[in-house]
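Note sheet for the following structure.
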Amino acid sequence: MGSPNGLGFITDRLPSGSRGIAMAKQYWIGDVRSGVHDGEEVELKGWVHRTRGGGKKIQFVVLRDSTGIVQCVVKKDVVGDSCFDDVANALIESSMIVRGRVESTDREHGHELQVESAEVVGPVNPDRPFPITESAMTEADGGETEFLLDNRHLYLRTSRMTTMLKLRSTVFGAIHSYFRDRDFIEYQAPNFVAGAVEGGSTLFEVPYFGRKAYLTQSWQLYAEAAMPALERLYTMAPSFRAEKSRTRRHLTEFWHAEMEIAWASNEEVMEHGEGVVRHIARKMLDERSEELSELGRDLEVIAGFADSPYPRMRYDEAVDALQSKGVEIEWGQDLDYSKEKILTDDFEVPHFLTHYPRIAKPFYHRPDPEDPKYVLCHDLLAPEGYGEIIGGGERTWSEDEILERIDEEGTPREPYEFYIDIRRYGGVPHGGFGLGVDRVCTWLAGADHIREAIPFPRDSRRVTP
RNA sequence: GCCGACAUAGCUUAGUUGGUGGAGCGGUGGACUGUUAAUCCACAGGUCGCAGGUUCGAGUCCUGCUGUCGGCGCCA
């Protein structure tokens with residue numbers, strides 16, 4: 001059974017009182033299910049997952065904590081009348097402390113608790129029973145009904161969502177460890193910004209003491225400012241896009257893992273993009289194989305994401321490939337999702353698309369010195385129809401070139417003066433990428449919708465709960 | 001911004017050519033007692049999203065509104 005962070009027995013890592021901290025909880029259901037407590041007296045603290053029986057002599061309570069569920073057997077002649085009635089009256093999601101002996105059995109869970117005493121800590125009022133019922137879960141079948149979205153704060157406790165949140169934690173941890181193990185400095189950019197970063201129409205405007213400010217769309221421009229100071233830097237932070245997107249890949253608030261690296265080529269940035277995604281897949285297998293299986297994920301497929309090299313394809317090759325499949329596309333057009341999807345059908349692992357036409361990409365992408373019709377950029381497309389998970393490339397880094405690119409786009413220079421300044425004082429080649437963390441979680445979990453992979457999804461129609 | 005669906009009990013839903021809205025889960029009461037989505041019996045729970053219209057009669061047909069969902073564009 002999965003422990004909270006997938007590293008083995010929970011109790012081994014929580015030495016009681018070793019740091020002078022009173023331990024709130026000593027025993028974990030995940031450990032009980034692993035068998036380490038067989039024959040021992042334990043005290044379990046958790047929530048009622050389900051009750052069965054509830055008669056005159058014996059009843060069964062399936063107790064849940066963050067590490068799993070276990071059946072507790074409550075017999076009237078053992079616990080006494082009053083305790084037996086308290087347990088019988090405890091509805092689903094009541095919190096409870098039970099004490100008793102762990103017994104190995106050949107029944108369903110393999111281990112169960114013979115309860116000697118029990119107390120309800122936080123009861124549930126029968127006038128307002130826990131609203132997430134079996135039918136709500138079964139019918140939704142992992143999907144996201146309006147009801148479950150409205151009750152997201154309660155849906156979080158269900159096994160599917162708990163599993164998702166654990167996978168998500170592993171993805172976040174893997175991204176940090178990838179960059180930190182390679183001497184990247186974690187660096188924070190502001191979330192309130194004054195000007196547009198890209199495509200001003202997708203900015204969220206917020207009142208700011210009589211002025212207008214915006215929520216950041218990306219860490220990138222501020223990362224470039226720190227690039228001459230730190231040389232190798234990364235972040236994981238929310239980004240905000242006011243897009244009325246109604247797709248299974250978009251949120252208005254999403255977690256953005258971004259990196260920037262000095263003296264680097266598009267090629268080197270791509271190596272890190274591939275590296276971090278493979279590292280995430282590897283960590284998922286190491287720490288969360290059980291959770292992946294619970295969600296129906298084939299571990300062999302995930303192993304492919306961790307071990308196989310990611311192919312690269314130039315934009316021109318992609319256009320040829322699409323045209324040979326009879327897709328209508330003209331050179332210079334950006335590749336939208338429907339076309340990406342057709343391309344990803346040919347691959348079993350993520351693959352890169354590089355060298356887009358400069359007219360299809362914003363000014364900060366550096367034109368290819370070998371053929372300035374193209375820019376040195378890359379997108380990483382996840383297979384299985386999950387689409388783009390990374391966008392990055394080399395930055396326009398000389399003052400002349402950045403001014404030329406800004407002017408040809410018709411973008412005003414004024415808001416970008418600080419950005420141009422970076423080029424005026426010792427500009428160097430550099431690059432970076434942004435990775436959609438929630439998209440990676442969605443893809444690796446095999447979820448149908450990005451909303452399933454984040455605790456409180458935000459889109460154009462929902463900011464609650 | 002564009003296109004397309006849907007809205008019935010706390011939840012998931014059935015509801016025929018328009019004729020007094022049913023079920024499963026959850027809740028309550030009872031039976032049963034080593035149950036595994038426990039089972040069995042009974043009870044409670046509905047302004048059929050809102051507002052108009054057609055009709056003798058509307059959950060059902062029409063119009064508008066609101067909300068939600070799905071897809072496209074945009075992107076991570």
Side-chain angles (χ1 to χ4, degrees), chain A residues 49-62 69-76 88-89 91-93 103 105-110 112 114 124-141 143-151 154-155 197-199 201-202 217-220 236-258 273 333-341 360-362 379-382 386-392 433-443 448-451 459-462:
Chain A
H49 174 70
R50 200 149 302 280
T51 57
R52 284 187 280 269
K56 282 177 179 151
K57 293 180 188 163
I58 186 170
Q59 53 185 323
F60 306 92
V61 175
V62 181
I69 58 173
V70 70
Q71 175 162 280
C72 304
V73 184
V74 185
K75 290 173 178 162
K76 195 173 202 170
N89 289 328
L91 300 188
I92 288 172
E93 287 305 314
E103 189 174 80
T105 85
D106 52 7
R107 290 183 234 280
E108 192 175 284
H109 292 163
E112 60 185 24
Q114 292 294 336
V124 170
N125 186 335
D127 294 337
R128 285 190 307 276
F130 192 69
I132 315 286
T133 59
E134 200 70 42
S135 61
M137 294 288 296
T138 308
E139 297 299 327
D141 195 24
E144 306 282 296
T145 62
E146 181 186 355
F147 174 76
L148 292 179
L149 288 165
D150 287 341
N151 289 281
L154 302 175
Y155 184 46
V197 175
E198 51 184 293
S201 62
T202 63
Q217 297 171 300
S218 167
W219 165 91
Q220 182 194 323
M236 252 197 296
S239 284
F240 305 89
R241 306 261 167 104
E243 291 158 351
K244 289 187 178 171
S245 306
R246 301 201 46 74
T247 79
R248 58 188 62 195
R249 307 178 302 287
H250 285 85
L251 296 167
T252 52
E253 175 183 344
F254 67 96
W255 284 82
H256 212 172
E258 298 181 86
Q333 239 182 300
D334 207 352
L335 300 176
D336 60 43
Y337 176 68
S338 61
K339 299 183 182 69
E340 277 178 11
K341 199 164 184 305
K361 289 287 180 180
D379 287 352
L380 182 63
L381 307 184
Y386 283 93
E388 186 176 342
I389 53 175
I390 280 181
F433 66 75
L435 176 149
V437 184
D438 316 279
R439 284 189 180 176
V440 169
C441 295
T442 309
W443 161 53
D448 291 334
H449 200 294
I450 197 166
R451 277 196 306 242
D459 63 32
S460 62
R461 296 193 189 172
R462 182 175 287 278

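The chains referred to below are lettered A, B, ... by the order of the sequence lines, with proteins before strands, and numbering in each begins at 1.
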Residue met sooner reading RNA chain B from 5', once A:Asp459 and A:Thr252 are mapped to nucleotides: A:Asp459
Interatomic distance at P, B:rG59 relative to B:rA51, whole Å: 13 Å
Is A:Arg462 close enough to B:rG67 that one of its side-chain N or O atoms is under 4.0 Å from OP1 or OP2 there? no
Given B:rA31, is OP1 or OP2 found less than 4.0 Å from the side-chain N or O atoms of A:Lys56? yes
Is A:His449 close enough to B:rG70 that one of its side-chain N or O atoms is under 4.0 Å from OP1 or OP2 there? yes
Within the stacking criterion (centroid distance below 5.5 Å, interplanar angle below 30°), does A:Phe60 stack on B:rG34? no
When you compare B:rC61 with B:rU16, how far apart are their C1' atoms, in angstrom units rounded to a whole number? 15 Å
Looking at every strand, decide which applies to A:Ile390 at a 4.0 Å heavy-atom threshold: base, sugar-phosphate, or nothing. sugar-phosphate
For A:Arg462, is there an ion pair with A:Asp459 - N to carboxylate O distance below 4.0 angstrom? no
What's the closest nucleotide to the side chain of A:Arg246 if the choices are B:rA76, B:rG34, B:rC69? B:rC69
Indicate whether OP1 or OP2 belonging to B:rA38 is found under 4.0 Å from a side-chain N or O atom of A:Arg52. yes
In dot-bracket form, how is RNA chain B paired, counting a Watson-Crick or G-U wobble pair only if both its distances are under 3.5 Å and using | for bases paired to another strand? (((((((..((((.....[..)))).(((((.......))))).....(((((..]....))))))))))))....
For B:rG73 and A:Ser338 - does any side-chain N or O of the residue sit under 4.0 Å from the phosphate oxygens OP1/OP2? yes
Using only side-chain N and O atoms of A:Arg241, determine if any of them is under 4.0 Å from OP1 or OP2 of B:rG73. no
